[in-house]
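Protein chains get the first letters and strands the later ones, always in sequence-line order, with residue 1 at the start of each. Side chains included, hydrogens not; waters and symmetry mates left out as well; all remaining heavy atoms used.
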Amino acid sequence: MFGQIAEGFIAMFTPLTIILASVGVIAGTILGAIPGLTATMGIALILPVTFYLDPVAGIVMLTAMYKGGLFGGSISAIMFNAPGTPAAAATAADGYALKNKGYPRKAIRTALIASTMGDMLGNLVLMFSAATIASIALRFGPAEYTMLILFALVLIVTVSQGTIAKSMISVLIGLLLATINADPVTSIPRLNFGLVDLSGGISIIALVIGLLAVSEVFSTIEQHFRQKYKPDPKQKIEEDHNKAISKKDDNVTFKGLFEIKRTLFRSAGIGTAIGALPGLGPVTAAFVGYGQALKKSKNRKNFGKGEPEGIAAAEAANSGVASANLIPLVTLGIPGDAEAAIIFGALIIHGIVPGPRIFETNGTIIYGIFAGMLMASVINLLFNWYASNIYRRISFIRPTVLAPIILVLCIAGTYGYSQAAFDIFVMFIFGLLGYLLKKIEVPLVGIIIGFVLGPTLETSFRQVLVVADGNFMLFFTQPISLALFLLTLMIVINTIFRILRAKKTA
Amino acid sequence: MKNFHLRIFFAALGLLVVLAGCGVSSSGSGDGSDYPRKAVTLMLPYGAGGPTDLFFREFARIAEEHLGQKIIIRNETGGGGLTMYSRLAKAKPDGYTMAAGMGTTLYSINPHLELMDNQPEDFDLISSIFEYQHIIAASTDAPYQTFEEFIEYSKENHVRIASPALTNNIFAELINKEENYELKWDIISYDSGAEAAAAVLGGHADIVIDAPSAMLGSEEAGDLNFLVVLPENKMSTHPDVPTLNEFYDLSMSAMIGIGGPAGLPDEVIEKWDEVIEKTLKDPELIKFAENNNYTIVKKSKEEVQEYFDNQREQFGQVIDRVVEKQN
């Protein structure tokens with residue numbers, strides 16, 4: 001095995017591969033940073049190019065682009081609260097707040113280090129223990145998926161800032177919106193109000209960008225007019241304060257990173273584990289990582305208010321997925337998500353059939369690809385580390401100048417994602433909804449997580465009902481499912497006690 | 001002053017983005033006599049990297065030489081692939097917006113279920129392209145190793161069938177009909193073929209019905225066992241696997257073709273017919289299809305019509321059962 005790994009590194013370390021990986025990372029970052037142009041679209045676009053390259057160079061370029069794209073999504077999430085890819089929605093929570101405090105470069109670099117950590121861990125697991133992880137992942141059937149998602153949803157509800165009632169409302173809105181799609185069992189469109197455009201469900205990009213970025217633009221407009229007609233002296237001071245933070249202070253420190261090491265490793269692990277399960281993806285990972293950090297961290301009070309630990313928790317988890325999602329592909333020949341499906345296609349075009357025997361038949365190529373992925377992480381780290389200086393400059397632009405630009409980008413991005421003008425309306429509706437919900441302090445991320453997890457929850461739950469012929473006991477007779485259920489129950493009981501105690505002391 | 005420049009800069013940037021968005025979709029006009037004068041968009045109702053996408057990317061690469069223009073593949077996956085049809089129906093019939101994927105869903109399922117408003121008359125189908133080779137696969141640990149044993153087993157025991165699409169559910173019901181609905185099959189729907197295959201490997205389902213692309217690796221490693229091929233042609237990579245019509249007077253397939261919005265000029269249809277003819281005979285494409293289990297089918301318009309008429313009727317026999325059972 002180590003011989004193959006060494007051969008793989010040699011096969012990968014060619015000038016062409018290095019150039020292609022760099023191009024992939026840079027192009028991916030730019031694409032990802034534009035809301036609506038996702039990393040997956042990026043790699044679908046360059047897929048035909050890779051047919052003409054040798055498999056290692058071609059696939060390394062694809063994965064480099066995906067990694068760059070995932071991170072690019074976080075850049076716009078931090079700078080504009082407009083997650084370039086849905087996976088960055090959790091990063092936006094603390095990232096945008098920290099940027100608003102005047103630390104854009106610190107926010108970006110924290111995200112970058114966390115992202116690289118998550119990515120590296122996923123990559124090493126992929127390299128050394130893919131087969132083991134895959135065999136565990138296969139044990140996740142419908143009952144386990146249902147319980148895992150229930151666990152994630154309960155976690156999000158109980159750890160959210162603000163009242164539990166409001167976070168429940170938010171998650172439930174998300175679940176409700178997720179029911180607008182094709183029925184998972186019969187594939188027949190339902191609840192679409194007779195609109196064909198809705199028969200495949202609401203576009204996730206329109207929802208995320210609308211809720212987070214467009215609502216933020218509306219708030220900026222409101223603030224501007226408030227400021228103009230009824231100046232608030234406190235606000236003015238805060239603005240001046242922003243400019244006072246020097247470039248030197250706007251940076252990550254070793255001490256700061258050391259303090260959040262637990263969160264970094266925990267989130268990276270969560271990302272890797274969720275990545276290995278087909279059909280869940282980076283959005284789920286990011287929110288579960290964020291939720292777990294909220295539960296465990298000493299700084300949990302500052303989460304959502306620009307806490308670097310929150311950024312790290314979300315980023316390490318969503319990047320952990322970027323390599324781990326290839327685990328089912330290389331060990332079973334099963335592409336777990338859209339990105340893996342595209343790489344699957346690229347392998348097939350080169351005449352390589354992914355499956356359990358791929359390490360024997362094409363070991364050098366596979367390890368070459370893994371090595372290239374590690375290199376892509378490093379390139380991503382270097383490139384964005386220096387580029388964060390440019391991003392810092394963007395943050396000096398006045399919000400009133402920036403708002404219309406962001407709005408244009410949101411519209412272009414939402415349209416670009418699906419090429420449906422209908423989605424632009426959807427985006428504005430969610431922008432308005434987000435703006436109103438913010439006024440009554442209903443957390444918006446709950447809607448996104450509910451929306452993302454809803455379809456898998458429904459599909460898995462209904463699969464259980466078919467398998468067990470309507471008998472709920474299946475949830476409690478499977479060991480993994482039972483364990484997840486008990487864990488969920490513990491969180492609920494724990495939360496009830498916490499609330500009771502808080503009431504007593506109050 | 002500095003601010004002013006910044007404003008101009010960003011206004012220009014914004015405009016650029018908008019223009020870039022528009023540039024792609026602008027299209028010229030013409031009577032079609034010098035067709036094609038520019039790149040042609042080929043829409044697909046399925047996502048990038050899936051079996052349909054893979055085939056048409058290879059197809060487009062070769063067809064470009066015969067067409068003399070670039071072919072741009074666009075994955076229109078909205079509405080579970082349904083929005084592609086409404087978008088195609090609204091497109092100008094000038095031959096620059098074409099689609100691959102006009103097949104079983106449009107002609108054989110939609111008339112029964114009315115999933116979308118568009119009817120077959122809204123489109124011009126030029127030619128069929130290929131058939132998917134659906135197979136039935138089981139884990140090698142299963143108590144049955146052949147199709148006959150599997151059928152006997154399912155008369156006595158409940159079997160969980162993982163199916164990633166409505167068409168595949170219909171296939172399962174059609175086989176069950178041959179056995180007078182004596183088979184105790186529970187159909188479990190999955191979002192994708194990959195997830196369905198994983199369910200069988202993990203023991204959460206017993207059988208998977210799908211095109212084999214996501215199963216080849218596991219079969220090679222001895223984890224999956226191919227029981228039967230549903231269409232009448234054997235798999236080129238696994239010629240030992242029997243076909244369904246060796247057991248019943250039944251064979252099933254899903255076919256996909258290339259077409260455009262209704263009212264395509266004759267020149268366009270002729271040109272594409274010629275391009276498709278040449279591309280499907282290209283040895284490179286034939287080799288690709290063989291290695292990856294696509295059955296290339298070049299049928300005339302009338303033959304395709306007949307194929308779908310038969311299929312629609314075949315599906316009609318069980319479609320109520322499929323939809324009702326699952327509601």
Side-chain angles (χ1 to χ4, degrees), chain A residues 34 40 43-44 47-48 51 138-142 181-182 184-189 196-200 203 278-279 328 332-336 338 341-346 348-349 351 353-358 397-398 401 404-405 408-409 412 415-416 418-420 455 459 462-463 466-467 469, chain B residues 3 6-7 10 13-14 17-18 21 25 47-50 53-54 57-58 61 74-83 86 113 115-117 160 165-166 186-192 194-195 197-199 201-205 213-221 223 291-292 322-323 326-327:
Chain A
I34 300 171
T40 314
I43 65 173
L47 178 68
F51 293 167
L138 271 186
R139 300 187 54 190
F140 273 70
N181 61 7
V185 172
T186 59
S187 334
I188 294 172
V196 173
D197 303 270
L198 276 181
S199 55
S203 150
L332 307 166
I334 290 170
I342 292 170
I343 291 173
F344 179 68
I348 297 257
I349 292 276
V353 179
R357 291 187 52 215
I358 197 169
I397 301 167
R398 275 212 324 259
V401 178
I405 299 166
V408 168
L409 279 174
Y415 180 76
S418 55
Q419 270 132 45
T459 308
R462 290 177 69 175
Q463 282 168 349
V466 174
V467 172
D469 212 12
Chain B
N3 250 328
L6 259 178
R7 270 180 218 208
F10 279 105
L13 192 77
V17 172
V18 173
S25 59
D53 177 75
L54 279 183
R57 285 190 193 274
E58 186 70 8
R61 190 175 68 81
R74 211 163 83 187
N75 302 92
E76 291 275 356
T77 52
L82 293 180
T83 44
S86 64
L113 297 181
L115 303 175
M116 52 186 165
D117 298 334
R160 299 164 296 175
L166 185 62
D186 301 322
I187 298 173
I188 314 169
S189 296
Y190 280 84
D191 289 343
S192 69
E195 284 169 43
L201 288 172
H204 309 290
S213 55
M215 304 175 210
L216 293 172
S218 307
E219 198 272 346
E220 198 181 83
D223 296 329
N291 288 341
N292 296 291
V322 172
V323 178
Q326 285 165 344
N327 272 344

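The minimum heavy-atom distance linking B/S189 with A/T459 is given by the pair O-CG2, 4.0 Å. Shortest non-hydrogen contact noted between A/F344 and B/S213 is CZ-O, 3.3 Å.
Contacts of B/E219 with chain A are absent, with no heavy-atom separation under 4.5 Å from either backbone or side chain. Looking at A/P335, the atoms closer than 4.5 Å to chain B (heavy atoms on both sides) sit in the backbone and in the side chain alike. Residue contact with chain A, scored on non-hydrogen atoms closer than 4.5 Å, involves the backbone and the side chain of B/A197 alike. Both the backbone and the side chain of B/L201 have a heavy atom closer than 4.5 Å to some heavy atom of chain A. When heavy atoms are compared at a cutoff of 4.5 Å, B/N291 does not approach chain A at all. Heavy atoms closer than 4.5 Å to chain A are found in both the backbone and the side chain of B/S218.
A distance of 7.0 Å separates CG of A/L138 from NE2 of B/H204, quoted to the nearest 0.5 Å. Here the straight-line distance linking atom CD1 of A/I348 with atom CG of B/L216 works out to 6.5 Å at 0.5 Å rounding.
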